[in-house]
Amino acid sequence: MSELTKAYEPAVVEDRLYQWWTESGIYAANPASPKPGFSIVIPPPNVTGVLTLGHVLNNTIQDILARRARQQGFEVLWLPGTDHAGIATQTVVERQLKKEKKLTRHDVGREDFLKLVWEWKEKHGGIIINQLKKLGCSCDWARERFTMDEAYARKVQEVFVDLYAKGLIYRGKRMVNWCPVSRTALSDEEVIPKPQKGFLYYFQLEVIEEPGTFLEIATTRPETIMGDTALAVNPNDPRYARLIGKHVLRPLPTEERSPIPIVGDDAVDFDFGTGVLKVTPAHDKADYEIGQRHSLPIIDIMNPDGTLNDLAGDGFAGLDRFEARVEAVERLKELGILTREEPYENTVGFSERADVPVEPRLSEQWFLKYPKTAEAKAAVKDGLIRFFPDRWEKVYDHWLENIQDWCISRQLWWGHRIPVWTIEGNTDAANLKCQIESPGEGWVQDSDVLDTWFSSWLWAHETMDAKTLAKFYPTSVLVTGPDIIFFWVARMIMAGLEYTGEVPFREVVFTGIIRDKQGRKMSKSLGNSPDPLDLIAKFGADGLRFGLLRIAPQGQDIRFDENQIVEGRNFCNKLWNACRFRAMQGPLDPQASPRDHDLPLFCADMLGRLDETIRNVDEAYTSHRFSEVAQALYDFVWGDFCDRFIETAKADFFGEGGPRREATLAAMDFAISRILRLLHPFTPFVTEELWQGLGFGQGATIQLAEWPTPAGFPILPECENAFAALSAARTARSNYNIPSNQKLNWQLQVSQDWVIGELTALASLLNAKEIEVVTAPPEELSATVPTTIGTFYLPLGGLVDVEAECTRLEGEINKVDLEISKVRGKLASTTFVQNAPAEVVDEHRSREAGWIARRETLDAAVRGLRG
RNA sequence: GCGCGGUUAGCUCAGUGGUAGAGCACUGCCUUGACACGGCAGGGGUCACAGGUUCGAACCCUGUAUCGCGCACCA
């Protein structure tokens, strides 16, 4: 296959190979297989999603695990699919409807709107799946699932009914997080706290029973005054305690200034503001609780869309909450009771999806008391599930410790409908039936749908049929971002324990978050998120995968830099060309057995380093340190295999041939076969193309080629010495400003016998005309390069300016003197000599000896030059 | 406020007790029969700061600064 192109061209390779792979059926997981099972369920991306670098990282890791497991002889299931993503998808379709037809979902009605969403899903829902294929993901595509597949949807309903029957699901009127844009309740996890700059407004009210006594109140939300039903002070606050039980006149709405009581409540912080709190039970969680304790009335002054309603009074009704704030301040000013306003920064909860402040709102919702929380905690604590990195265990634990009931109902249309029925017009709890099918005529189903995560939390097991479960459940590993540890990971563990009696996965690998070069999160609005498909087009899927994985240390955030992907591409090209070089030497032997040859030292050494690389790689895999795997392979391929081994092998290949050439070829074929297999999980395309092109598989895919194991070759120290010696000789050449293409006659006074046998190789590596073995330093002007394998002499006749060279050497002598004094200082320290381990002291002694030798060499060189 | 993570070369990052590393960028030489997406050589770092432990600290301990992320918050 000497017709390999000069550079690797991924574009022409990837689609062809991917099609071959999927058609070959290799990704189809067989539950009846005698092989041990290995399984992963994909974290289902939103159907609305397009591939991001986060997905690339996450799915490449899963693909690496799946591919390696296949090579190791496991029956692999990587189960793909997408999530219906309630709010996100509904919003996308609503936006489209508005844009194209100027209609809202209410204009078209629930049924027709859902038809539109399904149409949208059929049309666009496959985008991200196709993008994953471009990346090379080896999923079992025939098993692709969607969280609203019929069977899956049924399971979601069954689980609801079951949890209801167990008394874990209940309906209640509670304070919830309300998104005025999406007009639905949200779970606590969907609320993102953000610091906001605003004002703290102070106003004062006169105590009715004590004319002349004023209470000053501080608030950030004057627009809720109309909903106030009390003031609260701390009963232990000496300033105000005596006023408890008395009243003030609520200043707004102006047309109905009712008296409200002053209550005493421990929740009031004396030190904040004035120590007097206005209590708005309908619009603040803490106030609601105070209201409950004091049986205060609740006045809800807001509409679901965040505008104020009639209860807010004239001038407020119909205003948006933020407009109302301005208006309320105006009114307070008019009343002459606004005492001051101070700039103030506080934290406000924002809706994750709509990115607007969430409104605490009292509403009737469905809640879940989580099942199996103690077991879920224990599963991680006892090591049934291992987290990588393990620091996330603490976060997980803390959340479970402080777990709150989950608000699972959403006032949306797109999602799993709540399987609860009531007789029309009678929502009484006694007349409520929780079941999947309608109880009959006159019964209407709850109009709400379930939180998307209430379906995703069943993903690990409800995506599998009974046979598949038996073979592949619990899954081996879950790969996901730490941002959904509560949303998904923790909940899946609880659902798994409740419905399968087992943990859903044995290990969880948390990836880092990909940021831009400034450390900011990737986001559409910032425009700092490169399109992975562009990167694939430019650098190849393998280049992207390898480049990204190499800089993604376990669980650490990553600053993305396109240069890293360039390096990934370059690496693939390097590998390609190393193989191309091999192909030029004639046909290769897929079964090459270097043990059957008398191996040159450098070959044996390279094979020893390959063994070590395999050991390091396997070790890194045990704790999912993928960047270390990538780096180890990069270093071996580029440094040991290409720079050292191939360069040395050239002397054999371009020489006379014979057994030495055969031995080197065998070592090379043996190594390439392993390199390709080791790299395959990271760079599937280029390795398969080379595997086929070089004839290793004889038509069979590399994907099932056995994972390599060490072959028992040791690393040879004399080789390390030889390369260090060559480096020293080349440094000397460079220091004398001799162009590297100038072929010189070197001389070498050898100190080790084996060197004689490697002179041709050494000459090739030095680009020397020849290396002449001498027994004494030459007469003519030469640079002297002492090394562990002997002393090189570089003829300088006519090549250097003697004076300039002496000056340079003297400069170097000064540096060496400095090093000598450092080491001697160390050795003169009695504490060091007495207490350090003997080998450390010896190391310093030999270091000292090395520097002294270096110094003598330099002295000799100067003496030699000056003649 | 509590918890977690980061701070190492111009840049992106490795490196958990024994002479500070890689890639990119930079400088010089080289298009030598795999690769210029390349080769060889080189310059460049008081490892955020201050204490401590140790013969020895980038690494362990304590504290500080700073950036980021969670969690909980006071109107």
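Sequence lines set the chain letters: A, B, ... in the order given, protein chains first and strands last, and positions in each chain run from 1. Quick caveat: nothing in here was measured; it's all calculated off a predicted structure.
Side chain to side chain, N741(A) and N767(A) fail the donor-acceptor criterion of an N or O pair below 3.5 Å.
Checking the phosphate oxygens (OP1, OP2) of A75(B), a side-chain nitrogen or oxygen of Y344(A) falls inside 4.0 Å. Listed pair W392(A) / G5(B) fails the phosphate criterion, with no side-chain N or O lying under 4.0 Å from OP1 or OP2. Under 4.0 angstrom from either OP1 or OP2 of G38(B) there lies at least one side-chain N or O belonging to N570(A). At the phosphate of G42(B), OP1 or OP2 sits under 4.0 Å from a side-chain N or O atom of T731(A). Under 4.0 angstrom from either OP1 or OP2 of A41(B) there lies at least one side-chain N or O belonging to S727(A). The shortest distance between the side-chain N/O atoms of R559(A) and the OP1/OP2 oxygens of C13(B) is below 4.0 Å. Considering only side-chain N and O atoms, K650(A) lies nowhere under 4.0 angstrom from the phosphate OP1 or OP2 of U32(B). The side chain of K394(A) places an N or O atom within less than 4.0 Å of a non-bridging phosphate oxygen (OP1 or OP2) of C4(B). For the OP1/OP2 pair of A72(B) and a distance below 4.0 Å, the side-chain nitrogens and oxygens of N402(A) include no atom meeting the criterion.
Counting distance only, with no hydrogens placed and no angle test, the side-chain atoms of S734(A) and the base atoms of C29(B) include no donor-acceptor pair under 3.5 Å. Side-chain atoms of K6(A) stay outside donor-acceptor range of the base of A36(B), with no qualifying N/O pair under 3.5 Å. No N or O donor and acceptor, one from the side chain of Q585(A) and one from the base of A34(B), sit under 3.5 Å apart.
Distance D269(A) CG to G1(B) P: 14 Å, rounded to the nearest Å. Atoms CD (E9(A)) and P (C35(B)) sit 14 Å apart, rounded to a whole Å. Remark: C1' of C71(B) and CZ of F487(A) are 14 Å apart, rounded to the nearest angstrom. To the nearest angstrom, C1' of C11(B) lies 15 Å from CD of E562(A). As a whole-Å value, the separation of E401(A) CD from G3(B) P is 15 Å. Look at CG on L231(A): it is 18 Å from P on C74(B), rounded to the nearest Å. Atom P of nucleotide C11(B) and atom CD of E567(A) are separated by 16 Å, given to the nearest angstrom.
With a 3.5 Å ceiling on both atom-pair distances, G43(B) lacks any Watson-Crick or G-U wobble partner. Under the Watson-Crick or G-U wobble criterion, with both distances below 3.5 Å, C74(B) has no partner in any strand shown. The nucleotide G68(B) finds its pairing partner in C4(B), both defining distances of the Watson-Crick or G-U wobble pair being shorter than 3.5 Å. Under the Watson-Crick and G-U wobble criteria, each requiring two contacts below 3.5 Å, nucleotide G38(B) is paired to C30(B). Nucleotide G23(B) forms a pair with C11(B), judged by Watson-Crick or G-U wobble geometry with both contacts under 3.5 Å. Of the nucleotides present, G18(B) is the one that pairs with C55(B) by Watson-Crick or G-U wobble criteria, both distances under 3.5 Å. Judged by Watson-Crick or G-U wobble contacts below 3.5 Å, the nucleotide C49(B) has G63(B) as its partner.
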Exercise. Evaluate the criterion side chain to side chain contact (heavy atoms under 4.5 Å, CB included) for residue pair V276(A) and E216(A); output intermediate values, then yes/no.
Key: CA-CA 7 Å; V276(A) 184; E216(A) 192 178 39; over 6 Å; no
Quiz prompt | Evaluation steps, side chain to side chain contact (heavy atoms under 4.5 Å, CB included), between I558(A) and L53(A) | solution = CA-CA 11 Å; I558(A) 296 145; L53(A) 281 171; over 6 Å; no
Practice problem: Could you walk me through whether W392(A) and F387(A) pass ring-ring contact (aromatic ring centres under 6.0 Å, His included), step by step? | Solution: CA-CA 7 Å; W392(A) 292 108; F387(A) 284 1; 8.8 Å; no
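Between the C1' atoms of G21(B) and U16(B), the separation comes to 15 Å (whole Å). Annotation: A25(B) and C13(B) have their C1' atoms spaced 14 Å apart (nearest Å). Taking the C1' atoms as reference points, G45(B) lies 8 Å from U8(B), given to the whole Å. C67(B) and C29(B) have their P atoms separated by 45 Å, with the value rounded to a whole Å.
With distances taken from any side-chain atom of R733(A) to the nucleotides C40(B), C37(B), A34(B), the minimum falls on C40(B). Closest contact between the side chain of I646(A) and the listed nucleotides U31(B), A34(B), G23(B) involves A34(B). Among the nucleotides C40(B), A34(B), U32(B), the one closest to the side chain of N767(A) is U32(B). Set against C29(B), U12(B), C35(B), the side chain of P739(A) has C29(B) as its closest nucleotide. Listed candidates were A34(B), A75(B), G39(B). Nearest to the side chain of S740(A) is G39(B).
Both tests pass for R340(A) against the ring of Y202(A): distance under 6.0 Å to the centre and angle within 45° of the axis. Figure legend: K574(A) and Y634(A) shown without cation-pi pairing, the cationic atom not lying both under 6.0 angstrom from the six-membered ring centre and within 45 degrees of its axis.
Among the heavy atoms of the strands lying under 4.0 Å from L277(A) is at least one base atom, whether or not backbone atoms are also near. At the heavy-atom level, K574(A) lies under 4.0 Å from base atoms of the strands shown. Residue-level contact check: R391(A) touches the backbone only, with heavy atoms under 4.0 Å from sugar-phosphate atoms and none from bases. Contact annotation for F654(A): base contact, defined as any heavy-atom pair under 4.0 Å involving a base atom. The residue C572(A) sits apart from the nucleic acid: no heavy atom pair falls under 4.0 Å. If you check every strand for non-hydrogen atoms under 4.0 Å, D284(A) touches nothing.
Checked by atom type and distance alone, the side chain of R239(A) pairs as donor or acceptor with a backbone atom of F270(A) at under 3.5 Å.
Between F571(A) and D542(A) there is no side-chain heavy-atom pair separated by less than 4.5 Å.
The only option from D287(A), L296(A), T280(A), V263(A) that meets the side chain to side chain contact (heavy atoms under 4.5 Å, CB included) definition with T229(A) turns out to be L296(A).
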